[in-house]
Amino acid sequence: MKQTRARDAALLAGAAALTAAGLGLAFYAAKLEPRQLTVTRPPLEKKPPLRVVFFSDLHIRRAGAPERLEAVAERINALKPDLVLFGGDFFSKFLRDAWALPFPELARQLRRIRAPKGKYAVLGNHDMREGARPFFEQLFEAGGFTVLWDQLASPAPGVPLCGLSPYSDGRVLRRMPADGWRICLCHMPDKARYLPLKKADLMLSGHSHAGQVRLPVLTRLILPPGGKFYPYGLYRPQGPGAAQLYVSRGIGMSGVPFRFLAPPELVVLG
């Protein structure tokens, strides 16, 4: 009898410890890691002639939206960028959140981001849903960004920029200049498998969030379509002579409200 009671007590203690550990991990993944905004400097083969800050996937929601965006703007400004690029997915669930989003205040926070060579943005798949595109374009233009939709731009001499729409075939890339530090801004990284990337030096993407929860097997299951082949980091999808690809972990959350071993990220180039 004593042995049975001791065994039962040990099992209960083990279950309690596992429950506490699980609750602790859930709290960390839901409340702590999503606020740990990190800065990454990828080791590019071709260095940019100016400092670029790239951010993506804000997935703004109703709760605390201006404060979250203000914190991001402050971190970006602290990095003293020459050029700022946004890689899409500002919104999360547009129809659910739009009625409560303070658009003038969000535009004001976007305007606070300082970049003497300009601020450019492309749309993500979430920014295309539920009629969100015109709201995205108006908001970012009010925030001082130029929104690119299969268009070329020249933020600085020798820095051609191509911004692709979410479902673009990339044909506009063929008009990129032959020289300079050439950037392709495209939300979905898996497009790097077939875009004409020999006309660029670097492609910048988001979308995948590095899976948000980086665990064996599970991460692969929750990666979104368009972000399964290149989930996070630096790649050379088409071999020598074509662009490097950098995929950011992004900043916000989509789907599951957790981040684990995939903290939010600002990317600094140069």
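Looking at His59 and His126, their side chains come closer than 4.5 Å, going by heavy atoms from C-beta outward. Taking 4.5 Å as the limit, every side-chain heavy atom of Ser205 sits out of range of all side-chain heavy atoms of Met188. Put simply, the side chain of Arg259 reaches to within 4.5 Å of the side chain of His209, judged on heavy atoms. Taking the side chain as every heavy atom from C-beta outward, Cys186 and Val122 never approach each other to under 4.5 Å. In this structure the side chain of Leu164 never reaches within 4.5 angstrom of the side chain of Leu185, judged on heavy atoms.
Residues that satisfy the side chain to side chain donor-acceptor pair (under 3.5 Å) test with Arg108, not counting sequence neighbours, are Glu105.
With salt bridges taken as basic N to acidic carboxylate O contacts below 4.0 Å, one links Arg62 and Asp97. Between Asp82 and Arg51 no salt bridge is recorded (no basic side-chain N to carboxylate O distance below 4.0 Å).
A donor atom on one side chain and an acceptor atom on the other are found under 3.5 Å apart for Thr38 and Arg249. Side chain to side chain, Glu265 and Thr40 meet the donor-acceptor criterion of an N or O pair below 3.5 Å.
Evaluation of the salt bridge (charged side-chain N to carboxylate O under 4.0 Å, His left out) test over residues 235-248, restricted to residues two or more places apart or in two chains, returns Glu45-Arg236. For residues 168-191, the pairs satisfying ring pair (Phe, Tyr, Trp, His ring centres under 6.0 Å) are His187-His207, with sequence neighbours left out.
Side chain of Glu137 to backbone of Phe135: no donor-acceptor contact under 3.5 angstrom is found. No donor-acceptor pair closer than 3.5 Å links the side chain of Asn125 to the backbone N or O of Asp89. At distances below 3.5 Å, not a single donor-acceptor pair connects side-chain atoms of Lys80 with backbone N or O atoms of Asn77. For Asp190 (side chain) and Phe229 (main-chain N/O), a donor-acceptor pair under 3.5 Å exists by modelled atom type.
Between Phe91 atom CZ and Arg61 atom CZ the span is 13.5 Å, to the nearest 0.5 Å.
Between Phe86 and Phe140, the two ring planes are parallel [angle under 30°; tilted spans 30° to 60°].
Cation-pi contact between Arg214 and Phe260: absent, since separation from the ring centre below 6.0 Å together with deviation from the ring axis within 45° is not met.
Here the options are Val52, Leu50, Val53, the test is side chain to side chain contact (heavy atoms under 4.5 Å, CB included), and the partner is Leu269; only Val52 passes.
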